[in-house]
There are 2 protein chains.
Amino acid sequence: MSARPKSICPPDPSGRSADDHGTQFCHRCTFSSICIAGGCHKSELAELQCLVEHVGQFRAGEHVFRAGDTFRAIFAVRRGTVKTCVVDKGGREQVLGFYLPGEVIGLDAIYPERFPCNAVALDTASFCRFSFPAISDLAARVPAVQQHLFRMLSKGLGTASLPARDPRDHSADQRVAAFLMDLSDRYAERGFSATRLHLSMSRGDIANYLRVAAETISRVLSRFRSQELIRIDGRGLELLDLARLGVIGSRCDRL
Amino acid sequence: MSARPKSICPPDPSGRSADDHGTQFCHRCTFSSICIAGGCHKSELAELQCLVEHVGQFRAGEHVFRAGDTFRAIFAVRRGTVKTCVVDKGGREQVLGFYLPGEVIGLDAIYPERFPCNAVALDTASFCRFSFPAISDLAARVPAVQQHLFRMLSKGLGTASLPARDPRDHSADQRVAAFLMDLSDRYAERGFSATRLHLSMSRGDIANYLRVAAETISRVLSRFRSQELIRIDGRGLELLDLARLGVIGSRCDRL
DNA sequence: AACGATGTTTGATCCGCGTCAAGACGGGAG
DNA sequence: CTCCCGTCTTGACGCGGATCAAACATCGTT
């Protein structure tokens with residue numbers, strides 16, 4: 001299940017030197033400005049590093065936390081990929097998001113004080129765990145930390161814009177293109193390749209996340225391949241034309 | 001455009017005594033625990049009230065702020081209703097959300113330090129304006145304020161779950177039902193009626209927000225009326241069967 | 001009152017995508 | 001190797017909803 005990519009994806013984003021000690025990895029993390037420098041004095045930095053706890057070696061399919069668990073800490077993905085999901089009343093799983101190395105999960109649990117969703121490792125994954133009481137205490141004393149938390153939280157607010165369902169412009173194509181571009185951007189933001197990447201999640205998970213049928217994902221990817229927009233081999237993916245994908249994803253089909 | 005509801009909607013949610021002085025209105029606001037009591041000492045409360053600035057008497061269609069404006073403050077709706085929207089590259093408007101009295105807009109501007117969207121009054125509207133530097137400064141000194149901001153931000157994170165597009169269970173019905181239930185819940189949360197409410201936004205805005213065609217909104221509302229789920233007269237709306245609407249909205253069509 | 005502008009409703013037609021179904025990989029166990 | 005099983009791909013068909021189009025209601029103007 002956690003198959004190594006074979007052909008397309010030489011610099012594997014999820015499994016490389018991500019577990020190196022020191023700041024080799026940390027400077028790519030969302031928390032970096034807190035953990036590394038960010039204007040903190042040395043004593044506060046030390047305090048923060050005491051506060052961080054490494055948890056990990058989750059295997060594919062294992063839960064990091066479950067919906068309903070009481071909220072005590074937020075997690076930064078250190079290695080691997082995670083999906084968050086809920087199970088609706090009909091018993092069906094609803095995928096809410098995917099999280100790459102350097103990204104943070106659990107922020108949506110602050111308000112309800114319980115995790116509103118499950119977090120499931122998609123491949124071998126490990127995390128940095130930040131006790132929330134401790135970090136908000138630190139935030140009250142270090143303005144830079146507070147500000148950083150505000151910004152992280154704010155950043156998550158804007159991401160709720162699904163494309164229109166407009167039959168004439170292939171709405172499924174839009175969603176998939178936007179999804180691929182989003183992945184690409186996020187990998188790039190963390191220092192990985194923006195064009196060659198590995199899909200840790202199954203087609204079914206992507207379909208569920210985008211609220212389309214799994215078969216549609218297959219068809220769209222095949223179409224993109226025949227249009228020379230991507231190369232794809234199983235979970236290995238290469239984006240050949242970021243510009244055109246971006247256009248499809250944000251759909252400006254006229255004017 | 002800002003037509004008063006005539007028949008169905010006697011206690012008008014948007015225009016009643018909302019502009020009364022004192023805490024008559026404030027105790028229903030999202031900021032209440034900050035503005036009113038919330039464990040603050042008197043001196044800090046006074047400080048906060050200095051910090052609040054009333055802005056307002058926007059008329060329907062006027063902008064509260066525009067996408068790209070530099071971010072300096074967040075706004076709590078005091079009276080009226082607001083929609084947030086962006087204009088995509090094709091020149092089409094995309095409605096992102098609606099905000100009722102007592103709700104807060106602008107939190108998504110913290111990270112980019114610019115407003116990512118426009119805010120447009122749907123009827124006569126006024127606001128409480130909170131300078132963000134001032135309030136985050138206060139948050140650093142008053143833990144309760146900081147925590148409240150964290151919780152407000154966190155609360156906004158979970159709201160990104162559009163229903164599936166499943167042809168056999170009328171996905172448009174789901175969206176509309178969920179939309180109506182959401183409005184009902186939010187009005188109730190602010191002390192207004194959960195069953196008799198006024199739609200300040202046009203069918204077109206609702207359709208745009210839900211990413212369906214305006215005609216579909218009309219059809220679904222007509223269907224709901226013929227099923228005795230709602231009574232509707234122009235912008236006036238009465239929800240007759242919250243239970244059934246809730247079921248449709250969260251779709252548990254089997255099991 | 002007549003008028004156009006805007007918003008709402010309803011009907012007719014067509015197309016994308018969900019469903020069903022079958023086949024093609026691809027990896028692990030024997 | 002062969003078998004099995006899960007994931008992925010591809011085809012055929014039907015339905016929901018987008019689009020086009022045309023009445024109708026409502027409101028502010030002249």
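Residue numbering restarts at 1 for every chain, and letters A, B, ... go by the order of the sequence lines.
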Any donor-acceptor N/O pair under 3.5 Å between D:dT26 base and B:Arg203 side chain:
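No, the side chain and the base share no sub-3.5 Å donor-acceptor pair.
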
Taking N and O atoms by type only, does the side chain of B:Arg223 place a donor or acceptor under 3.5 Å from a partner on the base of C:dT10?
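In this structure, the two groups form no donor-acceptor pair.
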
Please give, in whole Å, the distance from [N] [atom2] to [X] [atom1]?
X: A:Asp233; N: C:dA24; atom1: CG; atom2: P; answer: 18 Å
X: A:Ile232; N: D:dT10; atom1: CD1; atom2: P; answer: 11 Å
X: A:Ile248; N: C:dG16; atom1: CD1; atom2: P; answer: 15 Å
X: A:Asn208; N: C:dC17; atom1: CG; atom2: P; answer: 17 Å
X: A:Arg219; N: C:dC17; atom1: CZ; atom2: P; answer: 10 Å
X: B:Glu215; N: C:dT9; atom1: CD; atom2: P; answer: 11 Å
X: B:Ile206; N: C:dT9; atom1: CD1; atom2: C1'; answer: 14 Å
X: A:Arg211; N: C:dG18; atom1: CZ; atom2: P; answer: 12 Å

Run B:Phe75 and B:Phe65 through ring pair (Phe, Tyr, Trp, His ring centres under 6.0 Å) and show every step you take.
CA-CA 10 Å; B:Phe75 296 84; B:Phe65 51 75; 5.7 Å; yes

Looking at [options], which one has an atom nearest to any side-chain atom of [X]?
X: A:Ser171; options: D:dT10, D:dG17, C:dC17; result: C:dC17
X: A:Arg235; options: D:dA18, C:dC17, D:dT7; result: D:dT7
X: A:His170; options: D:dT10, C:dC17, C:dA12; result: C:dC17
X: A:Thr216; options: D:dC8, D:dC20, C:dC17; result: C:dC17
X: A:Ala213; options: C:dG18, C:dT8, D:dT7; result: C:dG18
X: B:Ala172; options: C:dC17, D:dG17, D:dT9; result: D:dG17

Select base, sugar-phosphate, or nothing to describe what B:Ser218 touches, counting heavy atoms under 4.0 Å on all strands.
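Answer is base: heavy atoms of B:Ser218 come under 4.0 Å of a base.
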
Any chance you could measure A:Arg219, atom CZ, to A:Ile217, atom CD1, to the nearest 0.5 Å?
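So the gap between those two atoms works out to 11.0 Å.
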
Measure up the A:Phe98 and A:Phe179 rings against each other and bin them: parallel (under 30°), tilted (30 to 60°), perpendicular (over 60°).
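The rings of A:Phe98 and A:Phe179 stand perpendicular, inter-plane angle above 60°.
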
Can you spot which of A:Lys155, A:Glu103, A:Arg190 makes a side-chain hydrogen bond (donor to acceptor under 3.5 Å, both in side chains) with A:Thr30?
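The residue from A:Lys155, A:Glu103, A:Arg190 that satisfies side-chain hydrogen bond (donor to acceptor under 3.5 Å, both in side chains) with A:Thr30 turns out to be A:Arg190.
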
Select from A:Asp173 and B:Ile217 the residue whose nearest nucleotide in DNA chain C is closer to the 5' end of that strand.
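Upstream on the strand: B:Ile217.
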
Would you confirm whether the ring centroid of B:Phe127 sits within less than 6.0 angstrom of the ring centroid of B:Phe58?
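Yes, ring centres under 6.0 Å apart.
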
